[in-house]
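If you're wondering where the values come from, they're calculated on a predicted model, not measured in any experiment.
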Amino acid sequence: MGNDNAARFLGSYNRIESHLKMLYNAKPTQNFTDLVKRCTELNITVRRYESELIDYGKLRNAIVHSTDGFEQVIAVPCDAVVDHIEFIERHICRPPGIMDAIKIKKIASVFADRPLATAIDAFAEYEQKTIIVYDHGKMSGVIYSYRLYGEIAKRLESGENVNKYLNETMCGDLIRDEDMARYLLLPRETTVVDVFEAFEKQKHLIAAIITENGDLGEKAINIITPADFPRINRFLENYNVKPF
């Protein structure tokens, strides 16, 4: 084992420390334990591994002894510890992209100038709560299933002809700004951490829609909902054995 484990441990530790200092815009002399605690408010992964990181900060001080400005390795961590700090480093410094964790899936969509009846068919076919609306090839908004159900319920209650409503009202007419406010547009390079943090901070979100640059008007590449979280977590559990 020699000093290789010490070098690997210190390398990961130093990279984590540098990353956290950039994240918090900390001073070069910032205490590592204090830095970790402060960054728990900024990074969900740091919060998840807060206790381990603090322990590894103490271990780092036990491994390295400073004398007259020189650092000397006086202890060597075991394989399990080195593997784990490298695992944490990957999650903090190089988190996987959401597109790696969730493969592209079929997304329900309709055209803005088509009747709402086509949206009904799409909801039935895809069994999704959200349908992307395209207008001349560009994403113009979404139809949220509960919005459509509510509109149908209103007409049933008032005695209107629902079939007429569904066949004469266009899909684009059901796009609402208040519905779009519950969706988050994110670029393709978004990380898993970005997605988790977005849903944690914005409790009202229904879904995150992935496009090339995270802009309305672009084609939807993927759509992420809380129902995908268990699959993402399973991916993260195996992340330490995946090639980079």
Side-chain angles (χ1 to χ4, degrees), residues 44 97-235:
I44 194 171
I98 190 63
M99 295 297 290
D100 296 321
I102 298 293
K103 301 304 180 184
I104 294 176
K105 50 191 173 184
K106 291 183 179 180
I107 303 174
S109 64
V110 292
F111 295 111
D113 60 354
R114 299 294 294 163
L116 276 178
T118 61
I120 294 288
D121 293 338
F123 277 124
E125 178 182 355
Y126 289 88
E127 297 182 350
Q128 295 177 2
K129 293 181 179 179
T130 301
I131 290 180
I132 306 296
V133 180
Y134 288 101
D135 189 357
H136 294 87
K138 296 182 178 181
M139 180 170 58
S140 57
V142 301
I143 295 177
Y144 182 43
S145 59
Y146 292 105
R147 166 73 63 184
L148 180 54
Y149 302 158
E151 294 295 330
I152 292 173
K154 286 180 188 176
R155 281 148 185 86
L156 285 171
E157 186 177 355
S158 63
E160 291 184 45
N161 187 320
V162 174
N163 283 331
K164 181 179 179 181
Y165 167 71
L166 293 176
N167 285 290
E168 294 184 0
T169 305
M170 299 301 104
C171 290
D173 295 334
L174 208 62
I175 295 175
R176 299 287 187 274
D177 289 340
E178 57 265 37
D179 290 341
M180 277 304 298
R182 300 185 66 188
Y183 291 82
L184 183 64
L185 294 170
L186 295 172
R188 178 190 285 269
E189 66 269 18
T190 295
T191 69
V192 168
V193 174
D194 293 331
V195 171
F196 274 122
E197 289 185 338
F199 278 92
E200 182 181 54
K201 294 175 181 177
Q202 303 179 57
K203 305 294 186 184
H204 66 285
L205 287 182
I206 295 170
I209 300 173
I210 309 298
T211 71
E212 190 63 36
N213 300 295
D215 296 326
L216 187 65
E218 296 180 321
K219 180 180 179 181
I221 300 172
N222 217 341
I223 185 165
I224 311 298
T225 72
D228 294 308
F229 289 178
R231 197 181 340 168
I232 296 173
N233 278 322
R234 287 194 296 272
F235 172 84

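Side-chain contact between Tyr126 and Ile131: absent, with no pair of heavy atoms (C-beta onward) separated by less than 4.5 Å. Contact of the Ile223 side chain with the Lys105 side chain is registered, since non-hydrogen atoms from C-beta on lie closer than 4.5 Å. Inter-residue side-chain proximity for Thr225 and Lys129 is flagged as unmet; no heavy-atom pair is nearer than 4.5 Å. Residues Ile98 and Ile224 meet the side-chain proximity criterion, which asks for heavy atoms closer than 4.5 Å. Residues Leu174 and Val133 have side chains not in contact (no heavy-atom distance under 4.5 Å, counting atoms from C-beta outward).
When the side-chain contact (heavy atoms from CB on, under 4.5 Å) test is applied to Phe229, the partners found at least two apart in sequence or on another chain are Val195, Phe196, Phe199, Pro226, Ile232. Not counting sequence neighbours, the partners of Thr130 by the side-chain hydrogen bond (donor to acceptor under 3.5 Å, both in side chains) test are Tyr183. In this view, Asn213 and Glu218 satisfy the side-chain hydrogen bond (donor to acceptor under 3.5 Å, both in side chains) rule, not counting sequence neighbours. Residues meeting the side-chain hydrogen bond (donor to acceptor under 3.5 Å, both in side chains) test with Glu157, sequence neighbours left out: none. Annotation: side-chain hydrogen bond (donor to acceptor under 3.5 Å, both in side chains) contacts of Arg155 (sequence neighbours excluded): Glu151.
A 6.0 Å sphere centred on CG of Asp177 holds no more than 12 heavy atoms belonging to other residues, nucleotides or ligands. Around NE2 of His136, the count of heavy atoms belonging to other residues, nucleotides or ligands within 6.0 Å does not exceed 12.
For Tyr144 against Arg182, the heavy-atom pair with the smallest separation is CE2-NH1, 4.1 Å. The shortest heavy-atom contact between Phe235 and Ala101 is CD2-CB, 3.6 Å. Considering every non-hydrogen atom in both Met139 and Thr211, the closest pair reads CE-CG2, 3.8 Å.
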Using residues 107-120 as the side-chain source, report each donor-acceptor pair under 3.5 Å to any protein atom, sequence neighbours left out, with the distance given to one decimal.
unit_1: Thr118; atom_1: OG1; unit_2: Pro115; atom_2: O; d: 2.6

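Glu178 has a carboxylate O that lies under 4.0 Å from a charged side-chain N of Arg147, or vice versa, which qualifies the two as a salt bridge.
To the nearest 0.5 Å, atoms CD1 (Ile210) and CD (Glu189) are separated by 9.5 Å. Distance check: Thr190 OG1 to Ile221 CD1 gives 10.0 Å after rounding to the nearest 0.5 Å. The distance from the CD atom of Gln202 to the CG atom of Leu184 is 5.5 Å, given to the nearest 0.5 Å. To the nearest 0.5 angstrom, Ile102 atom CD1 is 12.0 Å from Ile104 atom CD1. In this structure, CG in Asp135 is found 7.5 Å from CD1 in Ile175, a value given to the nearest 0.5 Å. In this structure, CG in Leu166 is found 12.5 Å from NZ in Lys164, a value given to the nearest 0.5 Å.
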